[in-house]
Structure formats: C-alpha cells, structure tokens
There are 2 protein chains.
Amino acid sequence: MKVLSKSSEYGLRALLYMVRKQNEQEYVSIRDLSEQLDISFYFLTKILQTLTQANLLVSYRGPNGGIAFKVPPEKIMLSDVVRVLEGSDFFDKCLLGLPGCGEMAPCPMHEFWKEIKGALKQEFDTTSLAEMGHNAQIRSLRLIP
Amino acid sequence: MKVLSKSSEYGLRALLYMVRKQNEQEYVSIRDLSEQLDISFYFLTKILQTLTQANLLVSYRGPNGGIAFKVPPEKIMLSDVVRVLEGSDFFDKCLLGLPGCGEMAPCPMHEFWKEIKGALKQEFDTTSLAEMGHNAQIRSLRLIP
DNA sequence: TTCTTTGCAGATAAAACACTCTTAAAAGCG
DNA sequence: CGCTTTTAAGAGTGTTTTATCTGCAAAGAA
C-alpha cells in the first residue's frame with residue numbers, strides 16, 4: 001500500500017530528522033540532511049524548496065545556512081505536509097479513481113471508502129511532526145537502519 | 001491519496017461490473033467490459049489475464065467466450081484482488097518507504113501507521129466483491145457517470 | 001573585493017508506470 | 001478444412017514520476 005509519493009516520504013523523513021536536531025543548531029543544511037538520510041541532495045533540495053514556499057520552513061543562504069522550521073513542529077500536522085507535497089485533494093479521492101464519484105453519484109465503494117478515508121484524515125490532521133519526531137531513534141530514519 | 005494503481009482500479013471496476021451482470025450470462029467478453037467501462041481493451045485484457053492466472057477468474061476463448069468468476073464473488077475479498085494486482089506485501093509497507101522498518105527497528109511512524117494499516121487491512125479482508133457490487137448502479141462504474 | 005558556502009530555478013536524463021500493438025492459440029461455425 | 005471470434009503472450013510506445021545537472025543569487029569570511 002503505497003500511500004505517499006517519494007517526495008512525501010523524503011520530505012517527512014527530513015522534517016522528522018529536523019525535529020530531533022532542532023535544539024542543536026538553528027539552520028540545518030540540506031547537504032547534511034541528504035547525507036544523514038541517504039536521500040539524493042538534488043531531489044531533497046526540490047522537496048524542501050516546496051515546503052519553504054508553502055511557509056512551513058524558512059531558508060538561509062551562505063555559510064552555516066540551511067533550513068529551519070518557520071512554524072514550530074508542534075503546530076505542523078502530518079496532513080499539512082502531505083497536502084503541500086501531494087496536493088490539497090489528497091484525502092478526497094475515489095478509491096476507483098472515478099472523477100464523477102461523490103455523494104451525488106457514488107461508486108459502489110464510495111461509502112466504504114469514505115469511512116476509511118475519514119478516519120485516516122482524522123489521524124493525519126491531529127498528529128503533529130513534533131509528536132512523531134520524538135518517537136524513535138534518528139538512525140531509524142535512515143535507509144539502512 | 002492514491003492507494004491503488006490504475007491496474008487495481010480497472011480490475012476492481014470490471015469485477016464489480018461482473019457481479020451485477022453475473023446472472024445474465026455465463027461469460028462476459030473483455031471487449032464488452034472495456035466498452036461499457038471506458039477502459040482500454042488492451043490494458044484491461046492484461047489485468048484480467050493476471051486475475052485468471054491467480055485463479056480468481058476462468059476464461060474461455062472463441063465466439064461467446066469471455067471471462068467468468070472461478071470463485072463465487074461472495075468469497076472473493078477486496079484484499080484478494082488487491083494482493084494479486086499490487087503484490088502480496090500490499091498491507092505491510094512502511095509509510096516512509098523504509099525497507100528496514102519493522103518491529104525490530106521501527107521508524108518514528110511505525111506504531112502510528114501500523115494501527116491505521118491494520119484497520120484498513122481488516123476492512124479489505126472482510127468485504128467481498130459481492131457485497132460491494134450490489135451497492136450501486138452500474139453506470140456509476142463508468143468513467144462519466 | 002574576491003572566494004567559499006549555501007539555497008533557488010530551470011533544463012535534462014533515467015526509471016517506473018500506463019497503455020498499445022502484433023502475433024499466436026483456442027474455440028465455434030459453415 | 002477455412003473463417004471468424006475471442007483470450008494469451010510478449011514486444012513496443014508514451015507519459016509521469018523520480019533523479020540529476022547546470023547556472024545563478026544570496027550571504028559570510030578572508
């Protein structure tokens with residue numbers, strides 16, 4: 001069950017890593033993140049740019065520059081990140097991919113899926129980055145644990 | 001939230017359509033299915049071939065041939081279809097895509113995701129094609145409702 | 001100022017996924 | 001048998017996602 005794209009996977013991993021590093025340094029460089037998490041520097045740069053443009057992060061150029069949270073991670077919900085990286089309709093899609101599906105013209109799985117989707121959305125809406133970030137060891141965010 | 005690939009979307013739509021057509025004729029031709037559901041004939045053929053090879057369907061060539069359920073749709077669970085078309089590890093993946101994630105080396109989201117995933121699996125495991133198929137109008141399975 | 005370090009923006013390349021085509025094989029019908 | 005209808009199998013094409021490269025702009029330090 002691949003729910004998230006690579007962009008979201010990498011973005012979340014980077015943000016969770018930052019939650020744990022937060023107190024050590026103001027700005028974290030993308031190079032560091034990419035090396036620590038075994039994620040392509042180029043690709044990660046793009047993803048974090050998107051999060052910066054969405055005002056979840058701030059960036060600073062030059063030596064000792066990098067990125068930092070603009071909003072405290074206690075106030076960033078998983079759904080906020082996911083909606084930026086996957087699109088705002090992330091929690092509103094038909095299981096069968098039918099564009100016309102909705103309350104007016106439900107597909108056979110509409111009610112079934114609506115319930116599951118609602119519960120999932122609820123969890124993502126109420127779980128913050130901070131909450132998740134303090135859950136585990138940093139190394140568990142790496143590719144090879 | 002794109003949970004299913006196009007293959008699964010198309011496959012499920014075809015099977016749900018068949019549930020409703022089941023009593024009318026023994027075999028349904030893939031050509032008919034593709035036309036009724038606005039799905040590419042070539043692509044649908046491949047998908048249904050896979051389901052036939054997985055012993056969920058039987059096929060018959062020649063005039064008035066087509067495909068039919070091998071197992072009654074009351075006994076085919078949504079998870080059966082999905083596991084064939086998406087792979088058997090469908091309900092066992094890490095949210096962050098980390099290959100090493102598991103009980104031994106959980107990623108920060110492991111517990112969180114495990115619960116959601118479990119509930120989802122439970123629903124897919126206990127809901128049959130027959131149950132879903134009788135839910136709605138056939139036309140709601142078409143692309144343009 | 002000049003050099004180094006860092007992120008930004010747009011272009012390009014590779015890989016995965018979705019879809020199409022062609023040929024073959026099976027089954028029925030005259 | 002020869003012809004038509006239908007699925008099977010494998011190769012080929014197109015599109016989207018993922019990843020990489022190149023040039024540039026901002027910021028700090030010598």
Side-chain angles (χ1 to χ4, degrees), chain A residues 1-14 18 25-70 82 85-87 90 93 96-97 143, chain B residues 1-15 18 25-70 85-87 90 93 96-97 143:
Chain A
M1 187 173 37
K2 187 166 178 50
V3 173
L4 301 178
S5 66
K6 285 286 170 194
S7 294
S8 295
E9 288 178 11
Y10 295 166
L12 278 171
R13 276 169 64 200
M18 285 172 66
Q25 52 197 133
E26 177 80 353
Y27 288 96
V28 185
S29 84
I30 302 178
R31 177 67 65 185
D32 276 0
L33 286 169
S34 78
E35 279 169 7
Q36 291 300 313
L37 302 174
D38 292 308
I39 300 171
S40 146
F41 168 73
Y42 294 129
F43 197 24
L44 188 56
T45 296
K46 290 236 168 295
I47 295 162
L48 296 175
Q49 246 174 60
T50 306
L51 293 172
T52 302
Q53 287 160 348
N55 281 304
L56 295 180
L57 302 174
V58 285
S59 69
Y60 201 83
R61 301 194 218 197
N64 302 316
I67 54 167
F69 285 110
K70 183 163 187 182
V82 150
L85 296 176
E86 305 271 345
F90 185 69
K93 287 181 189 159
L96 300 177
L143 202 59
Chain B
M1 185 174 38
K2 187 164 178 51
V3 173
L4 302 178
S5 66
K6 285 287 169 195
S7 294
S8 295
E9 289 178 9
Y10 295 166
L12 279 172
R13 278 170 62 202
L15 294 176
M18 284 172 66
Q25 52 196 136
E26 176 80 349
Y27 289 96
V28 186
S29 86
I30 302 178
R31 177 70 65 184
D32 276 359
L33 285 169
S34 77
E35 278 169 9
Q36 291 299 314
L37 301 174
D38 292 308
I39 299 171
S40 146
F41 168 74
Y42 296 129
F43 197 22
L44 188 57
T45 295
K46 287 242 166 293
I47 296 162
L48 296 176
Q49 244 175 62
T50 307
L51 293 171
T52 301
Q53 286 161 350
N55 282 304
L56 295 179
L57 302 175
V58 284
S59 68
Y60 201 84
R61 302 194 217 195
N64 302 314
I67 54 166
F69 285 109
K70 183 163 188 181
L85 295 176
E86 305 272 342
F90 185 69
K93 287 181 188 160
L96 300 177
L143 202 59

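Lettering of chains follows the sequences in order, A, B, ..., and the numbering in each one begins at 1. FYI, side chains are in, hydrogens and waters are out, and symmetry mates aren't considered; it's all heavy atoms of this structure.
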Peer 1: Applying side chain to side chain contact (heavy atoms under 4.5 Å, CB included), can you list everything that pairs with Y60(B), at least two apart in sequence or on another chain?
Peer 2: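 Here the qualifying residues are Y27(B).
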Peer 1: Under 4.0 Å, heavy atoms only, any strand: does Q53(A) hit a base, just the sugar-phosphate, or nothing?
Peer 2: sugar-phosphate
Peer 1: Would a distance-only check, ignoring hydrogens and angles, find a side-chain to backbone donor-acceptor pair under 3.5 Å from E86(B) to S5(B)?
Peer 2: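 Looks like yes, one N/O pair under 3.5 Å.
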Peer 1: 5' to 3' on DNA chain D, which nucleotides open and close the contacts with chain B (atom under 4.0 Å from a heavy atom)?
Peer 2: dT5(D) to dA11(D)
Peer 1: Please enumerate all protein N or O atoms sitting under 3.5 Å from an N or O of nucleotides 24-26 of chain C, with distances to 0.1 Å.
Peer 2:
unit_1: dA25(C); atom_1: N3; unit_2: R61(B); atom_2: NH1; d: 2.9

Peer 1: In terms of the nearest nucleotide of DNA chain D, which residue is placed more toward the 5' end: K2(A) or N64(A)?
Peer 2: K2(A)
Peer 1: Which residues satisfy the salt bridge (charged side-chain N to carboxylate O under 4.0 Å, His left out) test with E9(B), sequence neighbours excluded?
Peer 2: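 Testing E9(B) for salt bridge (charged side-chain N to carboxylate O under 4.0 Å, His left out), a comparison that skips the adjacent residues, returns K2(B), K6(B).
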Peer 1: List the residues meeting side chain to side chain donor-acceptor pair (under 3.5 Å) with T45(A), not counting sequence neighbours, and say none if there are none.
Peer 2: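 For T45(A) there are no side chain to side chain donor-acceptor pair (under 3.5 Å) partners, ignoring immediate neighbours.
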Peer 1: Let me know the distance between CD of E9(A) and C1' of dA16(C), rounded to the nearest Å.
Peer 2: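 Atom-to-atom, E9(A) to dA16(C), this comes out as 14 Å.
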Peer 1: Could you tell me which residues satisfy side chain to side chain donor-acceptor pair (under 3.5 Å) with K70(B), sequence neighbours excluded, listed by chain and number?
Peer 2: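 By the side chain to side chain donor-acceptor pair (under 3.5 Å) rule, K70(B) matches N55(B).
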Peer 1: Roughly, in whole Å, what's the span from CG in L48(A) to C1' in dA9(C)?
Peer 2: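 Spelled out: CG on L48(A) to C1' on dA9(C) is 15 Å.
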Peer 1: Please determine which of L48(B), I47(B), I39(B) meets the side chain to side chain contact (heavy atoms under 4.5 Å, CB included) test together with I30(B).
Peer 2: L48(B)
Peer 1: Tell me whether the side-chain N/O atoms of S59(A) come closer than 4.0 Å to OP1 or OP2 in dC8(C).
Peer 2: yes
Peer 1: Listed by chain and number, what are the salt bridge (charged side-chain N to carboxylate O under 4.0 Å, His left out) partners of K46(A), not counting sequence neighbours?
Peer 2: none
Peer 1: Identify, with sequence neighbours excluded, every residue that meets salt bridge (charged side-chain N to carboxylate O under 4.0 Å, His left out) alongside K93(B).
Peer 2: none
Peer 1: Excluding sequence neighbours, so at least two apart, what forms side chain to side chain donor-acceptor pair (under 3.5 Å) with S7(B)?
Peer 2: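 Expected list: none.
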Peer 1: Would you please name every residue forming a ring pair (Phe, Tyr, Trp, His ring centres under 6.0 Å) with F43(A), sequence neighbours left out?
Peer 2: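 Applying ring pair (Phe, Tyr, Trp, His ring centres under 6.0 Å) to F43(A) gives Y10(A).
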Peer 1: Only counting residues at least two apart or in another chain, list the ones meeting side chain to side chain donor-acceptor pair (under 3.5 Å) with S59(B).
Peer 2: none
Peer 1: What are the atom names and distances for every N/O pair under 3.5 Å that joins the protein to nucleotides 19-23 of chain C?
Peer 2:
unit_1: dC19(C); atom_1: OP1; unit_2: Y10(B); atom_2: OH; d: 3.3
unit_1: dC19(C); atom_1: OP2; unit_2: Y10(B); atom_2: OH; d: 3.1
unit_1: dT20(C); atom_1: OP2; unit_2: S40(B); atom_2: OG; d: 2.7

Peer 1: Using whole Å, what does the distance between atom C1' of nucleotide dG7(C) and atom CD1 of I67(A) come to?
Peer 2: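 Computing the I67(A):CD1 to dG7(C):C1' distance gives 10 Å.
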